[in-house]
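First up is the structure itself, then whatever we jot down about it.
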Amino acid sequence: MRRTWWIYLIGTLGLVAVAAPFLWMVLGSFKTQGELLRVPPTWLPSDATTENYEALFSKAHFPRYFLNSGLVALIVTAGNLTFCSMIGYALAKLQFRGRNALFVVVMATLMIPGMVTFVPLFVLVTNAGLANSYPGLILPFLVSPFGVFLMRQFFLGLPDDLIDAGRVDGSSELGIFARIMLPLTRPALATLGILTFLGSWNNFLWPLVIAQTEDKYTLPVALALYSTGQNAQNFGLLMAGAVVVVVPVLVIFLAFQRHVTKGIAITGLK
């Protein structure tokens, strides 16, 4: 214990460094503009107020932005859970010509930086007439190479005897996948679902260029655009908006973090 005290000390300092800005943001969202500008600064609000949140949801159309972010994130997550699990199952358990080559292509796309494909993807979506629409925000992210890789690795660890038993019982391939194999992949599905939801909720650059009117803005885009112009100095309002963006995903991650670590650990052992 004496030899490892410095490890706990470094861990504690790291935790404070990470948590302090978030705590300051949450407390600052309940302060008035005058108190935020006070020198020296205060940690706890001397006169806590919810005016920043009231202004946020009454004047800045944030309920609409919140709904857009939730809708896009939920549909993208559902699409990844459905399609990535199906593709992963096919690459892991079905025998067909070109299976290994297809998996190499998936791995190659996983290694390509997103910025390389950003412009071609934007041109494709725009030419398809999907700019400034929910399909334009959703369709490019319904399947991810990481999700396919994650599900394939998990399916590889499941015994083929289960598939053979299902075929003997007369089940179709879709029935074997949906009723026998898929329920066994809950840790991987939970991991993929949480990571996909977090990534979609926090996505900024793609909604910024695709959403061209305010009714299609997501929360990160709305908050970034709202922090310019006359609202740039309204720090309490900006902190309240940041809390609205961060807290939902933080709560989801803390509630399901054991599934994330379990899913990644099990998948890594396959």
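- Taking CG from Leu189 and OG1 from Thr191, the interatomic distance works out to 8.5 Å, rounded to the nearest 0.5 Å.
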Q. Could you walk me through whether Phe197 and Val76 pass the side chain to side chain contact (heavy atoms under 4.5 Å, CB included) check?
A. CA-CA 7 Å; Phe197 184 88; Val76 168; over 6 Å; no
Output a table of donor-acceptor pairs, distance under 3.5 Å, between side-chain atoms of residues 13-29 and any protein atom two or more places apart or on a different chain; print 'none' if there are none.
residue: Ser29; atom: OG; partner: Val26; partner atom: O; Å: 2.6
residue: Ser29; atom: OG; partner: Tyr53; partner atom: OH; Å: 2.7

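- For Arg179, there are no side chain to side chain donor-acceptor pair (under 3.5 Å) partners, not counting sequence neighbours.
- For the atom pair OG1 of Thr50 and CZ of Phe30, the computed distance is 8.0 Å after rounding to the nearest 0.5 Å.
- A salt bridge is absent between Glu214 and Arg64: the closest approach of a Lys/Arg side-chain nitrogen to an acidic carboxylate oxygen does not fall below 4.0 angstrom.
- The side chain to side chain donor-acceptor pair (under 3.5 Å) check on Asp160 picks up Lys93, with sequence neighbours excluded.
- Going from atom CG of Leu192 over to atom CG of Leu81 covers 5.0 Å, rounded to the nearest 0.5 Å.
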Would you list the atom pairs, donor with acceptor, under 3.5 Å between side chains in residues 145-152 and any protein atom, with sequence neighbours excluded?
none

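- For the pair Asn202 and Val246, the minimum side-chain heavy-atom distance is 4.5 Å or more.
- By the rule that hydrophobic residues join a cluster once side-chain heavy atoms approach within less than 4.5 Å of another member, Leu67 and Leu223 end up as members of separate clusters.
- The stretch residues 119-132 participates, sequence neighbours left out, in these side chain to side chain donor-acceptor pair (under 3.5 Å) pairs: Asn132-Thr213.
- Criterion: ILVMFWY side-chain heavy atoms under 4.5 Å apart, direct or through other members. Under it, Leu205 and Phe141 are part of a common hydrophobic cluster.
- Minimum heavy-atom separation, Leu237 to Ala55: CD1-CB, 4.0 Å.
- Leu121 and Leu130 end up in the same hydrophobic cluster when Ile, Leu, Val, Met, Phe, Trp and Tyr side chains are linked at under 4.5 Å.
- Nearest heavy-atom pair, Leu142 versus Ile75, reported as atom, atom and distance to 0.1 Å: CD2-O, 3.8 Å.
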Q | Steps toward side chain to side chain contact (heavy atoms under 4.5 Å, CB included) verdict (Leu158, Thr185) | A | CA-CA 9 Å; Leu158 300 180; Thr185 64; 4.0 Å; yes
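- A pairwise comparison of heavy atoms in Tyr217 and Ala222 identifies CB-CB, 4.4 Å as the closest pair.
- One hydrophobic cluster, built from ILVMFWY side chains closer than 4.5 Å, cannot hold both Val168 and Leu162; they sit in different ones.
- Looking at residues two or more places apart in sequence or on another chain, you find a side chain to side chain contact (heavy atoms under 4.5 Å, CB included) between Pro248 and Phe66, Trp201.
- Under the 4.5 Å side-chain criterion, counting only non-hydrogen atoms from C-beta, Leu94 is in contact with Glu173.
- Under the rule for a salt bridge (Lys or Arg N to Asp or Glu O under 4.0 Å), Glu51 has no partner lying at least two apart in sequence or in another chain.
- Note: Thr218 OG1 to Leu71 CG = 11.5 Å, rounded to the nearest 0.5 Å.
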(Q) Evaluate Tyr65 against Val244 for side chain to side chain contact (heavy atoms under 4.5 Å, CB included), listing each step before the verdict. (A) CA-CA 11 Å; Tyr65 307 146; Val244 172; over 6 Å; no
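- The other residues sharing a hydrophobic cluster with Val116 are Ile112, where clustering joins ILVMFWY side chains under 4.5 Å apart.
- Rounding to the nearest 0.5 angstrom, the gap separating the CG atom in Asn203 from the CG atom in Leu219 is 12.5 Å.
- Although no hydrogens or angles enter the test, the distance criterion places a donor-acceptor pair under 3.5 Å between the side chain of Thr77 and the main chain of Ala73.
- In the hydrophobic clustering of ILVMFWY residues, with side-chain heavy atoms under 4.5 Å counting as a link, Val243 and Trp43 come out together.
- One finds the CZ atom of Phe177 at 5.0 Å from the CZ atom of Phe155 (value rounded to the nearest 0.5 Å).
- In terms of heavy atoms, Pro183 sits closest to Ala178 at CD-O, 3.5 Å.
- At least one side-chain heavy atom of Phe96 sits under 4.5 Å from a side-chain heavy atom of Leu91.
- Applying the salt bridge (Lys or Arg N to Asp or Glu O under 4.0 Å) definition to pairs two or more places apart or across chains, none involves residues 215-226.
- Applying the side chain to side chain donor-acceptor pair (under 3.5 Å) criterion to Asn68, with sequence neighbours excluded, gives Tyr134.
- Screening residues 28-47 for salt bridge (Lys or Arg N to Asp or Glu O under 4.0 Å), with sequence neighbours left out, gives no hits.
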Q: Test Tyr89 against Ile176 for side chain to side chain contact (heavy atoms under 4.5 Å, CB included), laying out the working first.
A: CA-CA 11 Å; Tyr89 173 76; Ile176 294 173; 3.8 Å; yes
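- Contact record, Ser85 with Leu182: CB-CD1, 3.9 Å, taken as the closest heavy-atom pair.
- For the residue pair Pro207 and Val221, the shortest heavy atom distance occurs at CB-CG2, 3.7 Å.
- The side chain to side chain donor-acceptor pair (under 3.5 Å) search around Asn80 returns Ser144, not counting sequence neighbours.
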